[in-house]
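Only heavy atoms go into these numbers, but all of them, side chains included; no hydrogens, no water, no symmetry mates. We number each residue from 1, following the sequence as shown.
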Amino acid sequence: MSKEPIILGIESSCDDTSAAILNGQKILSNEIANQEIHSLYGGVVPELASRAHQQNIIPVVDTAIKKANINKEDIDAIAFTKGPGLLGSLLVGSSFSKSFALGMNIPLITVNHMQAHILSHFIDEGEPMPEFPFLCLTVSGGHTQIVRVDSPSNMEVIGNTLDDAAGEAFDKSAKILGLPYPGGPLIDKHAKNGNILAFEFGKPNIKNLDFSFSGLKTSIMYKIQNNTQKNPNFIKENLEDLCASIQHSIVTILLNKLQKAIKQTGIKEIAIAGGVSANSYLRSELQQLANEKHYKLYVPKFEYCTDNAAMIAISGYFKFLEKDFADQNETPSARLLF
Ligand code: KG4
Ligand code: ZN
């Protein structure tokens, strides 16, 4: 029996420095260093992010190797995020990975961050995995997509955001409410005891499978400005209801489009991925919909929703099987498409 490859994955596209080791599809370690500094500025500051990646990358890789209980000589290939993401951040991961591949004389593999979010479903944790073809709703801080997935290397974006991403809609709404960055998880938390129908906001009217969130954001902003003029304590007194109503609006936009895509394609095998797939209301609403309509639903474990290198390593694994290797001329691409 041939031995399964050991792949080191490196993720540095935004503000998390992460390294993971996979043996075949099984995870040996998944280390993540978050960058707290950005919460002071209400968003990710690209220059600070790349500096923090530089400080974190070697210790994070070192810890990932130690926790996997392997030697660096056991690694068969290194996979890294080529894009999309912040160029300065991507450069740290790509430079490290190229040097590591060269130094260890092992293959180098490039990974698309958005495809990796989807492929995180194939990390073997003993849970059922989606069967091809399936639809994936990928919702993160930078992207909102509905993707038709025919195989690990054959995916098509059939719906995309025209302006803000769903995560941005959460984060920008949170900022309007005076909550720190990233506000998505805080809206989730405060929404738990709120009334989803307390406030109504503008709804987008886009005909195809694309999304738009900028109108919603503007409508939230005006509602809060108008009410705060009348009552300076408006946000404080209504925080739970505001969060629940905002969350309900964002999730409704996502689920309406997903249902439209399911109708159009006839595919009832459904996955979600990306940071916003950690949202508890999105998960429960989607589960209810899946039960009602008999969709098969795949929801990632929390640690694989937000950015992590395990998803980069699993994507590297599939490319390793195809011998789809990159060379030392490889450069990161901030706007990498599928
Ligand atoms: O995938 P991700 O970690 O990074 C990107 O590639 O963008 O996604 C980060 C996004 C942020 O906008 C964050 O607010 C959002 O995911 N997020 C959430 C939750 N957890 C993370 N949004 C809503 N509810 C959550 N529980
Ligand atoms: Zn991401």
Margin query: Working note: F80 + T110, criterion side-chain contact (heavy atoms from CB on, under 4.5 Å); need CA distance, chi angles, decisive distance, verdict.
Written below: CA-CA 5 Å; F80 71 96; T110 58; 3.7 Å; yes

Residue pair [X] / [Y]: nearest heavy atoms and the distance that separates them:
X    : Y    : answer
I109 : G316 : CD1-O, 3.4 Å
V45  : H38  : N-ND1, 3.1 Å
A116 : I312 : CB-CD1, 3.6 Å
L197 : N195 : N-OD1, 2.9 Å
K268 : I262 : CG-CG2, 4.3 Å
A68  : L28  : CB-CB, 3.6 Å

Are L255 and L282 close enough, and set up right, to give a side-chain contact (heavy atoms from CB on, under 4.5 Å), and what steps lead you there? CA-CA 8 Å; L255 294 190; L282 173 64; 3.8 Å; yes

For [X], does the [atom1] atom have more than 12 heavy-atom neighbours from other residues, nucleotides or ligands under 6.0 Å away?
X    : atom1 : answer
E200 : CD    : no
I206 : CD1   : yes
N69  : CG    : no
K192 : NZ    : yes

Check whether any side-chain heavy atom of [X] lies under 4.5 Å from a side-chain heavy atom of [Y], and answer yes or no.
X    : Y    : result
S173 : I187 : yes
D76  : K3   : yes
L209 : K260 : yes
Q247 : D188 : yes
Q225 : I176 : no
V299 : S277 : no
L177 : I224 : yes
I65  : N71  : no

Which distance, rounded to the nearest 0.5 Å, do you find between the [atom1] of [X] and the [atom2] of [Y]?
X    : Y    : atom1 : atom2 : result
T144 : D210 : OG1   : CG    : 11.0 Å
F199 : N227 : CZ    : CG    : 6.5 Å
F318 : Q25  : CZ    : CD    : 4.5 Å
Q55  : Q35  : CD    : CD    : 9.0 Å
S140 : E168 : OG    : CD    : 9.0 Å
L8   : I75  : CG    : CD1   : 4.5 Å

According to a 4.5 Å side-chain heavy-atom criterion applied to Ile, Leu, Val, Met, Phe, Trp and Tyr, with indirect links allowed, do [X] and [Y] form part of one hydrophobic cluster?
X    : Y    : value
V251 : L258 : yes
V61  : M311 : no
M129 : Y317 : yes
L254 : I272 : yes
L336 : L91  : no

Checklist entry - Where do N291 and K293 land on the side chain to side chain donor-acceptor pair (under 3.5 Å) test, with the steps shown first? => result CA-CA 6 Å; N291 294 346; K293 308 253 169 160; over 6 Å; no

Q) Aromatic ring centroids of F170 and Y281 under 6.0 Å? A) no

_Taking the ring of F132 and the ring of F122, is the distance between their centroids below 6.0 Å?_
yes

Contacts of S219 meeting side-chain contact (heavy atoms from CB on, under 4.5 Å) (sequence neighbours excluded), chain-then-number -> F201

Check whether any side-chain N or O of [X] sits under 3.5 Å from a backbone N or O of [Y] as a donor-acceptor pair, and report yes or no.
X    : Y    : result
K175 : P180 : no
N23  : I21  : no
E11  : S13  : yes
K67  : A20  : no
E269 : E131 : yes
S50  : E47  : yes

Passing option when [X] is tested against [options] for side chain to side chain contact (heavy atoms under 4.5 Å, CB included):
X    : options          : answer
V139 : V276, T161, N279 : V276
S97  : I57, V92, I78    : I78
Y181 : L186, D15, L40   : D15

Exercise for the section: Please work out which of the three classes, parallel, tilted or perpendicular, describes the rings of H117 and H113, given edges at 30° and 60°. Expected result: perpendicular

(Q) Pair F96, H53 - check side-chain contact (heavy atoms from CB on, under 4.5 Å), show working. (A) CA-CA 10 Å; F96 173 85; H53 282 304; over 6 Å; no

- Message: Check E330 with K98, please: is the shortest side-chain N to carboxylate O separation under 4.0 Å?
- Response: no

Do [X] and [Y] pair up side chain to side chain, a donor and an acceptor below 3.5 Å, judged on atom types alone?
X    : Y    : answer
Q145 : T138 : no
N238 : K236 : no
S212 : D163 : yes

Exercise for the section: Starting from the C-alpha separation in whole Å, work towards a yes-or-no answer on salt bridge (Lys or Arg N to Asp or Glu O under 4.0 Å) for D62 and K66. Expected result: CA-CA 6 Å; D62 193 43; K66 285 195 179 114; 2.7 Å; yes

**Asked** After noting the C-alpha distance and the side-chain angles of L119 and V111, does the key distance pass the side-chain contact (heavy atoms from CB on, under 4.5 Å) rule?
**Response** CA-CA 11 Å; L119 294 175; V111 172; over 6 Å; no

